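Structure, as structure tokens:
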Amino acid sequence: MAVGSVRILGTGQLLELQRKLRAAGHENIRSSMQRRIRRAAEPLRDELQDTIRSMPITSQGRKVGKRGGRSPTRRPLRASIAAAIRISVRTSGAPGARVWLDKGLLPRDLPMGVPAQINDKGFVRHPVFGNRSRWARQDGTVLWWDRVVRRHTPRMESEVARVLDDVRRRIE
């Protein structure tokens, strides 16, 4: 599983319920269902954010006699990734809850694959202050995204199933 998005789907059941809700005109039930599905995904998003914020990302540091200085980026790497983790709930098309990393919210100077590289390889290689002839390696935690998702998936699936059952009971 790559860093990017996690979807909890019950597409057949959600589509059927959405059709019935639209036909019956139950807008308040529909919005309640969306809110409850979003709430089911919030603990996953929160733990993903906490995990990346608290992950130790270490490097070898500067060698003796080498120059160095402050990072040229404005925001710390972990805080930037945590702020880009989002939730969306869809009830049409491909319905379900989706927890994803919004690449548009990452700083422009952060290469696109950095969160996935930390998850897949456990480290990030990058040029030192943009100098492509000198590279540094920073180590993180392998599978930080996947482990959290695996832990939360059964709870989310059961919560969405419970929401669907409640809505089905209310409209039938």
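In this chain, numbering begins with 1 at the start of the sequence shown. These figures come from a predicted structure and were not determined experimentally.
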Of all heavy-atom pairs between [X] and [Y], which one has the smallest distance, and what is that distance?
{"X": "Val142", "Y": "Asp120", "answer": "CG1-O, 4.0 Å"}
{"X": "Trp144", "Y": "Val148", "answer": "O-CG2, 3.4 Å"}
{"X": "Pro56", "Y": "Arg78", "answer": "CA-NH1, 4.0 Å"}
{"X": "Glu159", "Y": "Ala40", "answer": "CG-CB, 3.3 Å"}
{"X": "Arg155", "Y": "Leu44", "answer": "NH2-N, 4.0 Å"}
{"X": "Ser88", "Y": "Trp100", "answer": "OG-NE1, 3.5 Å"}

Quick check for you: to the nearest 0.5 Å, what is the distance between [X] atom [atom1] and [Y] atom [atom2]?
{"X": "Leu48", "Y": "Arg86", "atom1": "CG", "atom2": "CZ", "result": "13.0 Å"}
{"X": "Gln117", "Y": "Lys121", "atom1": "CD", "atom2": "NZ", "result": "5.0 Å"}
{"X": "Gln49", "Y": "Ile85", "atom1": "CD", "atom2": "CD1", "result": "5.5 Å"}
{"X": "Thr51", "Y": "Trp145", "atom1": "OG1", "atom2": "CH2", "result": "10.5 Å"}
{"X": "Arg98", "Y": "Ile87", "atom1": "CZ", "atom2": "CD1", "result": "12.0 Å"}
{"X": "Ile81", "Y": "Leu105", "atom1": "CD1", "atom2": "CG", "result": "12.5 Å"}

(request) State, yes or no, whether a side-chain contact exists between Arg38 and Gln34 at a heavy-atom distance under 4.5 Å. (result)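 Not in contact.
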(message) With a 4.5 Å cut-off on side-chain heavy atoms, are Leu77 and Ile118 touching?
(response)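 SC-SC contact between Ile118 and Leu77 confirmed.
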(request) Look at Arg162 together with Asp165 and state whether they make a salt bridge at an N to O cut-off of under 4.0 Å. (result)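 Judged by the 4.0 Å cut-off on N to carboxylate O distance, Arg162 and Asp165 do not form a salt bridge.
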(message) Quick check on the hydrophobic clustering: are Ile52 and Phe123 connected, directly or via other members, by side-chain heavy-atom contacts under 4.5 Å?
(response)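 Ile52 and Phe123: separate clusters.
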(message) Using the rule that Ile, Leu, Val, Met, Phe, Trp and Tyr join whenever any side-chain heavy atoms are under 4.5 Å apart, tell me whether Leu164 and Val89 fall into a single cluster.
(response)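 Same cluster: Leu164 reaches Val89 through Ile, Leu, Val, Met, Phe, Trp or Tyr contacts under 4.5 Å.
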(request) Only counting residues at least two apart or in another chain, list the ones meeting side-chain hydrogen bond (donor to acceptor under 3.5 Å, both in side chains) with Ser133. (result)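 If we apply the side-chain hydrogen bond (donor to acceptor under 3.5 Å, both in side chains) test to Ser133, skipping adjacent residues, the hits are Asn131.
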(request) Report yes or no: does Arg45 contribute a side-chain atom to a donor-acceptor pair with the main-chain N or O of Val99 at less than 3.5 Å? (result)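 Flag not set: sc Arg45 to bb Val99 has no pair under 3.5 Å.
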